[in-house]
Amino acid sequence: MVRLWFILGCLLFFSSCGGSGVTVTKSQTVEYFSNAFNKSKKWFRSTDGDSITEVPPPPPSNLQPTAQDVYQKRATQNKTNGMSKDDYRRAIKRLEKTLPDLKRQLGNKHIEVGETYQTIGSMNFILGNELEANKAYKKALDIFSHNLGAEHPRVWKLKDKIKKLN
């Protein structure tokens, strides 16, 4: 008998504890979607005669920045970061000195070697050495493709960088 009362008590307790305590009715859901639709509707041309009160912002005049635009942007950012061209040159030399040790320890196709080549390429790009950047990016692309596969997003991004440099 005690066991039966215990089971009934547990059932009653657990049935009263379920849920988050928030009940959403159909009318609230419909109202929410209606408001969301009306807000997004203002961004499009009206086909039912409603007046449009807001318009979307105009698209930027140049959607794809050129390599020179990116270089200029990074050059201005680097002035505020306190890094000079000499700092970048020293960093590139140090990274290039570490490459033989990395290759010996990890192998020529290790992802860390690819990361180093990509960093060298990025720094050369910032300095405006597009030929050197292109060489380093191609070496990194070969390693990333080998390790990650041709369909990996990092490989796509690297291919896009190389295409912009050419």
Side-chain angles (χ1 to χ4, degrees), residues 18-22 24 28-29 31-47 52-166:
S20 64
V22 177
V24 179
Q28 289 172 321
T29 305
E31 180 184 354
Y32 170 79
F33 282 120
S34 175
N35 288 339
F37 175 74
N38 286 334
K39 285 180 183 176
S40 66
K41 185 178 169 184
K42 293 177 183 177
W43 290 94
F44 300 102
R45 294 204 180 273
S46 174
T47 56
I52 300 173
T53 57
E54 297 178 27
V55 293
S61 60
N62 186 4
L63 295 178
Q64 290 292 331
T66 63
Q68 190 62 29
D69 294 336
V70 174
Y71 168 70
Q72 289 297 332
K73 180 180 176 188
R74 288 187 179 170
T76 15
Q77 286 175 343
N78 293 332
K79 287 179 185 172
T80 59
N81 293 341
M83 290 192 66
S84 67
K85 289 185 176 188
D86 289 333
D87 293 334
Y88 280 108
R89 288 185 191 105
R90 280 194 300 275
I92 290 169
K93 285 180 183 175
R94 287 182 183 165
L95 286 171
E96 287 173 342
K97 284 181 182 178
T98 64
L99 274 171
D101 291 335
L102 274 176
K103 288 179 181 179
R104 192 175 339 98
Q105 290 175 358
L106 305 173
N108 288 340
K109 295 285 186 176
H110 195 274
I111 198 79
E112 277 297 317
V113 176
E115 294 280 349
T116 305
Y117 277 122
Q118 184 175 8
T119 304
I120 290 170
S122 297
M123 289 183 174
N124 275 312
F125 180 73
I126 290 170
L127 288 175
N129 303 333
E130 294 180 6
L131 183 64
E132 295 297 319
N134 199 7
K135 288 178 187 177
Y137 282 152
K138 285 182 180 178
K139 289 177 183 177
L141 177 65
D142 180 46
I143 294 169
F144 287 158
S145 297
H146 174 76
N147 288 303
L148 304 173
E151 298 299 318
H152 194 275
R154 291 190 70 185
V155 173
W156 290 355
K157 288 178 185 178
L158 207 48
K159 283 181 181 178
D160 190 43
K161 285 181 181 182
I162 291 169
K163 187 171 37 172
K164 285 180 182 178
L165 282 173
N166 291 333

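Remark: A136 engages I120 in a side-chain contact (heavy atoms from CB on, under 4.5 Å) (not counting sequence neighbours). Here K135 pairs with E132 under the salt bridge (Lys or Arg N to Asp or Glu O under 4.0 Å) rule; sequence neighbours left out.
Across all their heavy atoms, S145 and V155 have their closest contact at OG-CG1, 3.6 Å. When all heavy atoms of G121 and A133 are compared, the closest pair comes out as O-CB, 3.3 Å. Pairing each heavy atom of N108 with each of I143, the nearest pair is O-CD1, 3.5 Å.
Using a 4.5 Å cut-off on side-chain heavy atoms (C-beta onward), L165 and F125 make contact. Counting heavy atoms from C-beta outward, Q118 and F144 have side chains that approach closer than 4.5 Å. In this structure, L141 and Y117 have side chains that are not in contact, with every pair of non-hydrogen atoms separated by 4.5 Å or more.
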Check the pair K157, D160 against salt bridge (charged side-chain N to carboxylate O under 4.0 Å, His left out), reporting the backbone distance first and the verdict last.
-> CA-CA 5 Å; K157 288 178 185 178; D160 190 43; over 6 Å; no
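Atoms NE2 and NE2, on H110 and H146 in that order, are 10.5 Å from each other to the nearest 0.5 Å. Considering CD1 of I111 and CG of L106, their distance stands at 11.5 Å, rounded to 0.5 Å. Note that OG1 of T116 and CD of E96 are 11.0 Å apart. Values are rounded to the nearest 0.5 Å. If you take CD1 on I92 and CG on D87, they are separated by 11.0 Å, rounding to the nearest 0.5 Å. Here the straight-line distance linking atom CG of L99 with atom CZ of R94 works out to 15.0 Å at 0.5 Å rounding. The CG atom of N134 lies 5.0 Å from the CG atom of N166; values are rounded to the nearest 0.5 Å.
For residues 104-121, the set of pairs meeting the salt bridge (charged side-chain N to carboxylate O under 4.0 Å, His left out) definition, not counting sequence neighbours, comprises D101-R104, K109-D142, E115-R154.
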